[in-house]
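Input: a single structure, listed below in structure tokens.
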Amino acid sequence: MKNVTKILSIMALMCCLTLSTYAQGSSKAQKRIAYTIKNLKLNAAQAKAVTPILTSYLTEIKVAKKAYSDLKDKYKRDIEKGTLTDNAAQALLNAKFDFDGKENEIKKNYTKKLAAAIPYKKIYYCFDLINDKMSKIEGKKSKGNDDDDD
């Protein structure tokens with residue numbers, strides 16, 4: 001029982017450290033949140049309540065996506081050249097499916113958290129806005145396939 005408590009304490013500490021580091025050092029996250037709040041037309045009280053929730057959401061999504069992103073980076077050259085093997089493609093698909101499942105669970109959990117601060121209609125739009133491409137968030141015109149989701 002002591003080991004379980006220690007492990008849970010360590011995991012909680014790691015989550016807090018990751019969240020604070022991500023929130024402080026990520027201008028992309030801050031831009032995403034500001035863009036989302038602006039486009040949802042939230043008042044000051046709503047924005048204040050939603051900001052830490054969205055910061056935490058982005059952190060969890062990034063952690064959940066890491067395995068897929070790392071694998072995609074590993075096979076980037078093969079993907080670009082069109083020489084991806086069936087085994088590599090299968091591994092990428094499985095990692096993507098795992099991430100998709102985790103993403104849906106995270107969104108369900110954060111829907112509950114956001115519902116305390118904003119109406120469901122705004123939550124619906126929130127998930128679309130927070131995941132827009134950085135080029136759109138920054139107001140830049142995209143040159144083709146701009147896949148900079150983080």
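Just so it is clear, the model here is predicted, and its values are computed rather than measured.
- Taking CD1 of I61 as the reference point, atom CD1 of I130 lies at 10.0 Å (rounded to 0.5 Å).
- I137 and K31 get closest at one heavy-atom pair: CG2-O, 3.8 Å.
- T51 and I37 get closest at one heavy-atom pair: OG1-CD1, 3.3 Å.
- Contact detail for D132 and R32: the closest heavy-atom pair is O-NH1, 2.6 Å.
- Side-chain atoms of T36 and V50, non-hydrogen and from C-beta on, never get closer than 4.5 Å to each other.
- Considering L93, L92, D100 as possible partners of K96, the one that fulfils the side-chain contact (heavy atoms from CB on, under 4.5 Å) test is D100.
- To the nearest 0.5 angstrom, L40 atom CG is 10.0 Å from Y35 atom OH.
- Note that CG of N39 is 8.0 Å distant from NZ of K136, once rounded to the nearest 0.5 Å.
- Considering every non-hydrogen atom in both A117 and Q46, the closest pair reads O-CG, 3.7 Å.
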| Residue pair D70, K66: steps toward the salt bridge (charged side-chain N to carboxylate O under 4.0 Å, His left out) verdict | CA-CA 6 Å; D70 290 349; K66 183 160 177 37; 2.9 Å; yes

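- Here the shortest heavy-atom pairing between A47 and L42 reads N-CB, 4.1 Å.
- Here the SG atom belonging to C126 is positioned 10.0 Å from the NZ atom belonging to K107, to the nearest 0.5 angstrom.
- Not one N or O on the side chain of K102 forms a donor-acceptor pair closer than 3.5 Å with the backbone of A64.
- Hydrophobic clustering (ILVMFWY, side-chain heavy atoms < 4.5 Å, transitive): L71 and L84 are in one cluster.
- Between atom OH of residue Y75 and atom OG1 of residue T83 there is a gap of 11.5 Å, rounded to the nearest 0.5 Å.
- No more than 12 heavy atoms of other residues, nucleotides or ligands shown are found within 6.0 angstrom of CG on D86.
- With hydrogens and angles ignored, the 3.5 Å screen pairs a side-chain donor or acceptor of T59 with a backbone N or O of T55.
- I118 CD1 to I123 CD1: the interatomic distance, rounded to the nearest 0.5 Å, is 5.0 Å.
- Contacts classified as ring-ring contact (aromatic ring centres under 6.0 Å, His included) and involving residues 110-134 (residues at least two apart or in different chains) are given here: Y57-Y110, Y57-F127.
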